[in-house]
Amino acid sequence: MSHAHHDHSHRHHGHDRAFAVGIALNLGFVAIESAYGVLSHSMALLADAGHNLSDVLALALAWGASVLGRREPSQRFTYGLGSTTILAALVNAMLLMLVVGGIAVEAVQRLMNPVPVATLTVIWVALCGIAVNTTTALLFLRNREHDMNVRGAFLHMAADAAVSLGVALAGVGMLYGGWTWLDPATSLAIAAVIVAGTWGLLRDSLHLSLHAVPPRIDTEVIRGFFCALDGVAEMHDLHIWGMSTTETALTVHLVMPDGHPSDRFFAQVSTELRERFGVGHATIQVETGDALHPCPLAPDHVV
């Protein structure tokens with residue numbers, strides 16, 4: 001038990017360091033990039049700076065949520081504040097979509113009225129952007145499978161590195177081909193990349209905020225698992241939801257005509273739920289199926 005806990009807290013310290021370094025690096029870069037964007041008249045650089053700023057906000061949100069998520073439960077918040085991670089993921093995805101809209105509108109206007117751009121500046125700043133974003137993305141690489149917020153941060157940074165690469169390539173094209181339209185065209189391509197990456201995050205976080213079953217869990221398999229347990233005649237009132245982007249809770253009523261099983265039974269079921277399905281918080285109610293006192297929650301359509 002202590003080993004698992006140690007591993008958990010160690011992972012969080014890794015997160016905190018990743019968030020702190022990521023925010024500092026990106027804030028510095030946003031300041032440099034926006035200054036050069038103005039000086040060189042590059043829409044792509046300014047769009048990229050705006051996008052990077054939204055990342056700093058997103059990182060700060062995700063970090064705040066992951067810190068809040070570790071707070072102990074209280075009298076008022078008996079589950080703790082883990083679900084702030086779901087809200088942060090949702091706000092994060094929505095922010096990105098807004099930024100994309102802004103970039104696209106500006107790029108379309110620029111396509112109609114091209115502006116000369118200081119291309120060498122654009123190329124150098126974009127190359128710095130690739131370095132900054134790749135470094136930050138690598139910080140989050142380790143834990144991205146476990147936590148939707150870390151996945152969000154990782155996606156952001158990986159998308160940013162791709163964005164900066166696009167800006168640099170556009171700069172090269174403008175330098176050697178004189179194609180001014182490449183600057184806004186790149187912004188549009190960037191917008192498409194971001195939408196593609198954010199859509200899944202938006203969908204998953206929206207579902208979780210509506211107490212949907214987390215995407216990695218198959219309700220039918222869990223239903224089958226309960227029905228196959230020794231002594232269980234039937235089951236009802238099964239609910240599975242995410243308490244945070246990493247913790248899953250479940251409640252269920254089991255009908256066991258032979259009466260209440262031992263504590264050992266519950267311990268085994270809880271262990272199996274955690275190890276096989278990743279459900280760490282299970283609450284199980286046992287009934288004997290007395291026909292005179294049926295469970296009011298038994299029908300599937302009753303919540």
Side-chain angles (χ1 to χ4, degrees), residues 18-62 92 95-141 152-198:
F19 279 123
V21 173
I23 288 171
L25 268 177
N26 281 277
L27 263 181
F29 183 61
V30 165
I32 293 166
E33 190 173 33
S34 40
Y36 277 114
V38 172
L39 292 172
S40 66
H41 302 295
S42 168
M43 177 59 217
L45 275 189
L46 280 174
D48 196 26
H51 180 208
N52 273 312
L53 185 60
S54 86
D55 284 350
V56 174
L57 289 176
L59 281 178
L61 263 176
N92 195 338
L95 256 180
L96 256 181
M97 289 300 194
L98 276 174
V99 169
V100 167
I103 290 176
V105 169
E106 187 61 40
V108 169
Q109 288 173 351
R110 273 291 179 93
L111 275 174
M112 295 170 185
N113 312 305
V115 176
V117 176
T119 44
L120 270 176
T121 312
V122 174
I123 295 170
W124 279 114
V125 177
L127 289 175
C128 293
I130 296 175
V132 169
N133 291 314
T134 308
T135 308
T136 318
L138 290 175
L139 292 174
F140 292 107
L141 184 65
F154 172 76
L155 275 175
H156 258 106
M157 293 304 150
D160 272 9
V163 165
S164 297
L165 178 64
V167 175
L169 290 175
V172 172
M174 289 186 292
L175 186 62
Y176 292 109
W179 303 316
T180 16
W181 55 265
L182 265 176
D183 191 68
T186 307
S187 313
L188 281 177
I190 288 166
V193 168
I194 302 168
V195 169
T198 311

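- Between Ala158 and Ala137, the shortest heavy-atom contact is N-CB, 4.0 Å.
- A 4.5 Å side-chain heavy-atom check between Thr121 and Leu39 finds every atom pair outside the cut-off.
- With values rounded to the nearest 0.5 angstrom, Phe29 atom CZ is found 10.0 Å from Thr136 atom OG1.
- Residues Ile123 and Ala168 come closest through the heavy atom pair CG1-O, 3.9 Å.
- Listed here is the closest heavy atom pair of Ile23 and Val56: CG2-CG1, 4.1 Å.
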Kindly determine whether Asn26 and Met157 satisfy side chain to side chain contact (heavy atoms under 4.5 Å, CB included), including the steps that lead there.
-> CA-CA 10 Å; Asn26 281 277; Met157 293 304 150; 3.8 Å; yes

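- A search for side chain to side chain contact (heavy atoms under 4.5 Å, CB included) contacts involving Ala20 returns Trp63, not counting sequence neighbours.
- Every residue meeting the side chain to side chain contact (heavy atoms under 4.5 Å, CB included) condition with Ala161, not counting sequence neighbours, appears here in chain and number order: Asn133, Thr134.
- In this structure, CG in Asn92 is found 11.0 Å from CE in Met97, a value given to the nearest 0.5 Å.
- For Leu96, the side chain to side chain contact (heavy atoms under 4.5 Å, CB included) partners are His51, Ser54, His156, Ile194, Thr198, not counting sequence neighbours.
- Here CH2 of Trp124 is found 14.5 Å from CD1 of Ile32. Values are rounded to the nearest 0.5 Å.
- The minimum heavy-atom distance between Leu111 and Trp181, with the atom names listed, is CD2-O, 3.8 Å.
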